[in-house]
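Below, read A as the first sequence line, B as the second, and so on, with proteins coming before strands; counting in each chain starts at 1.
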Protein chains: 2
Amino acid sequence: MLCDVRERSICADLSARDMEQVERIMAHRTVPQNKAILKEGEPNDCLYVIVSGSFRLTKYLEDGRRQVTGFLFKGDFFGVRACDESAYTAEALEDSLVCRFPHAFLEEISTASPGIKDRLIARGQTEYHKAQDHIVLLGKKSAEERVLSFIELVGKSVGATADEDGEGRVIPLSMPRQDIADYLGLRLETLSRSLASLKKKGVLRDIGRKSLVLSG
Amino acid sequence: MLCDVRERSICADLSARDMEQVERIMAHRTVPQNKAILKEGEPNDCLYVIVSGSFRLTKYLEDGRRQVTGFLFKGDFFGVRACDESAYTAEALEDSLVCRFPHAFLEEISTASPGIKDRLIARGQTEYHKAQDHIVLLGKKSAEERVLSFIELVGKSVGATADEDGEGRVIPLSMPRQDIADYLGLRLETLSRSLASLKKKGVLRDIGRKSLVLSG
DNA sequence: CGAGTATTTGAAGATCATCAACTGTCGTGG
DNA sequence: CCACGACAGTTGATGATCTTCAAATACTCG
């Protein structure tokens, strides 16, 4: 079975011979909605590539406060760390499919396909830069600015489609409000009010549970 | 000339033969206080390792709001990205010394010393995890909690020393209050008040411009 | 249709920001 | 060596934004 995310992912660097190996070793795995595939503090020895669906990454404070540190979509991957325990929890936002690579296996075939490591470095940097943008968002932006930035980010990640009128861009949302609020460092109610306010101002054309429509 | 950060840094993976190469190619460079060695948006083709001193990483919003996304100390490195422009500005907090490696050079010797790439991957992950902790700090913690977390982070990074009485831990601060505030997503005044409050509560034993003393 | 959950809305309160004045510190030069 | 100026940091009073608690409404699924 072939992923349709191959060209965007690690497999793109593999030779035909290595690909055979991959197809023997790797495992596709379905992850039901809200099920964790990786848990903060638990050991992890695999890299996961998202074939379809989406995930949230979360971290918890000792007292239970939860922060969503990122959302991942098709083609993204997580679980890079080769050693000890995971720094975050990864949960499916919807029924999803991932491709699983043991680190040991990656290490092995990377001697033949060193491009794999370059991919990991580059992707690591991309994630780091996204985290920095997130930091700017949390450190310096107002509630409404955060919400707008989030919508644009999702739009870029999953792609926006034109709505019926051809006037607006539809942004699909696979996550509930609470996840968005926890990503933005806001309370549910503040997120809701910010969305309402953006709609009143005409920035948002429509607010749905599973999608938003941006004006223009 | 040999760095005393060698074992903590990329050079640790190099063979003796590669080290000769490194000593020919690499350049030590001094960076005066408040001078940027990397600027957000400008191209960069080198990796820098901090030999002595410290740096702040900053990002700016279009309207000038500044966010400090991280502080780096001896042994840390920045400028990993092999391509296009830098995602952040790196400025010296004090007169500092860095070691400079062109990416092309690293790429070249990594065929002989593949451990270098593993280092870059591992370090990239470490930075990413630090960024995630920063996100939790900004998204979920109160002003005082942020300040305490920051102090503990610096303590871990640069090492705390016992004070005269042997009762407290002295945390050296190489950055001004404004940088700390911009790191914590707070205003100067709020940072100052939080410090004062922590002292009144007995968590801090003393507050100085260039150091803090933690109780216990 | 109805129960349960997700989301929105309302009113009151807390935390942090803002504006302003004050104090402390450091380096310079008389 | 002390006085001065400039900047870094602190403290005070007021206000805005976001949170909290409470209740209403909308949506989903069996």
Participant: Output the single nucleotide from C:dC16, D:dT19, C:dT7 whose closest atom is nearest the side chain of A:Leu186.
Facilitator: D:dT19
Participant: Let's see if you can work this out: which of D:dC18, D:dT10, C:dA17 has an atom nearest to the side-chain heavy atoms of B:Thr190?
Facilitator: C:dA17
Participant: Of A:Asp76, A:Asp118, A:Val80, which is the lone residue that meets side-chain contact (heavy atoms from CB on, under 4.5 Å) with A:Arg123?
Facilitator: A:Asp76
Participant: What integer distance in Å separates B:Lys141:NZ from D:dC18:P?
Facilitator: 22 Å
Participant: Base, sugar-phosphate, or nothing: which does B:Gly208 touch, judged by heavy atoms less than 4.0 Å apart?
Facilitator: nothing
Participant: May I ask you to say whether A:Lys141 pairs ionically with A:Asp133, meaning some side-chain N is under 4.0 Å from a carboxylate O?
Facilitator: no
Participant: Atom SG in B:Cys46, atom CZ in B:Phe78: separation rounded to 0.5 Å?
Facilitator: 10.5 Å
Participant: Using a cut-off of strictly less than 4.0 Å between a heavy atom of the residue and any atom of DNA chain C, enumerate the qualifying residues of residues 193-202 of chain A by number.
Facilitator: A:Arg193, A:Ala196
Participant: B:Leu184 CG to C:dA17 P: how many Å, rounded?
Facilitator: 11 Å
Participant: From CG of A:Leu191 over to P of C:dA6, roughly how many Å is that when rounded to an integer?
Facilitator: 15 Å
Participant: Hey, which of A:Thr58, A:Thr89, A:Leu57 is the one that makes side-chain contact (heavy atoms from CB on, under 4.5 Å) with A:Glu40?
Facilitator: A:Thr89
Participant: Whole Å only: how far is the CG atom of B:Leu188 from the P atom of C:dC16?
Facilitator: 16 Å
Participant: Could you tell me the separation between the CD1 atom of B:Ile207 and the P atom of D:dG9, rounded to a whole number of Å?
Facilitator: 12 Å
Participant: Out of A:Ile151, A:Leu148, A:Val147, A:Ile171, which one pairs with A:Leu204 under the side-chain contact (heavy atoms from CB on, under 4.5 Å) rule?
Facilitator: A:Ile151
Participant: In whole angstrom, what separates A:Gln33's CD from C:dT5's C1'?
Facilitator: 13 Å
Participant: Against A:His134, only a single residue in A:Tyr128, A:Tyr183, A:Phe150 fulfils ring pair (Phe, Tyr, Trp, His ring centres under 6.0 Å); can you say which?
Facilitator: A:Tyr183
Participant: Applying salt bridge (Lys or Arg N to Asp or Glu O under 4.0 Å) between B:Glu144 and each of B:Lys201, B:Arg193, B:Lys199, report the one that passes.
Facilitator: B:Lys201
Participant: Ignoring backbone atoms, test whether B:Ser192 places a side-chain nitrogen or oxygen under 4.0 Å from the OP1 or OP2 oxygen of D:dG9.
Facilitator: no
Participant: Considering non-hydrogen atoms only, spot the tightest contact between B:Arg146 and B:Gly185 and give its length.
Facilitator: NH1-O, 3.6 Å
Participant: Treat primed atoms plus P, OP1 and OP2 as sugar-phosphate and everything else as base, then score nucleotides 25-30 of chain D 5' to 3': B for base contact with protein heavy atoms under 4.0 Å, S for sugar-phosphate contact only, - for none.
Facilitator: -BS---
Participant: Atom CD of A:Gln178 and atom C1' of C:dT7: how far apart are they, to the nearest Å?
Facilitator: 11 Å
Participant: Please report the distance, rounded to the nearest Å, between CD in A:Glu189 and P in C:dA11.
Facilitator: 15 Å
Participant: Out of D:dC18, C:dC16, C:dG10, which has the shortest distance to the side chain of A:Ser142?
Facilitator: D:dC18
Participant: Is it true that B:Asp182 and B:Arg65 have a side-chain N and a carboxylate O under 4.0 angstrom from each other?
Facilitator: no
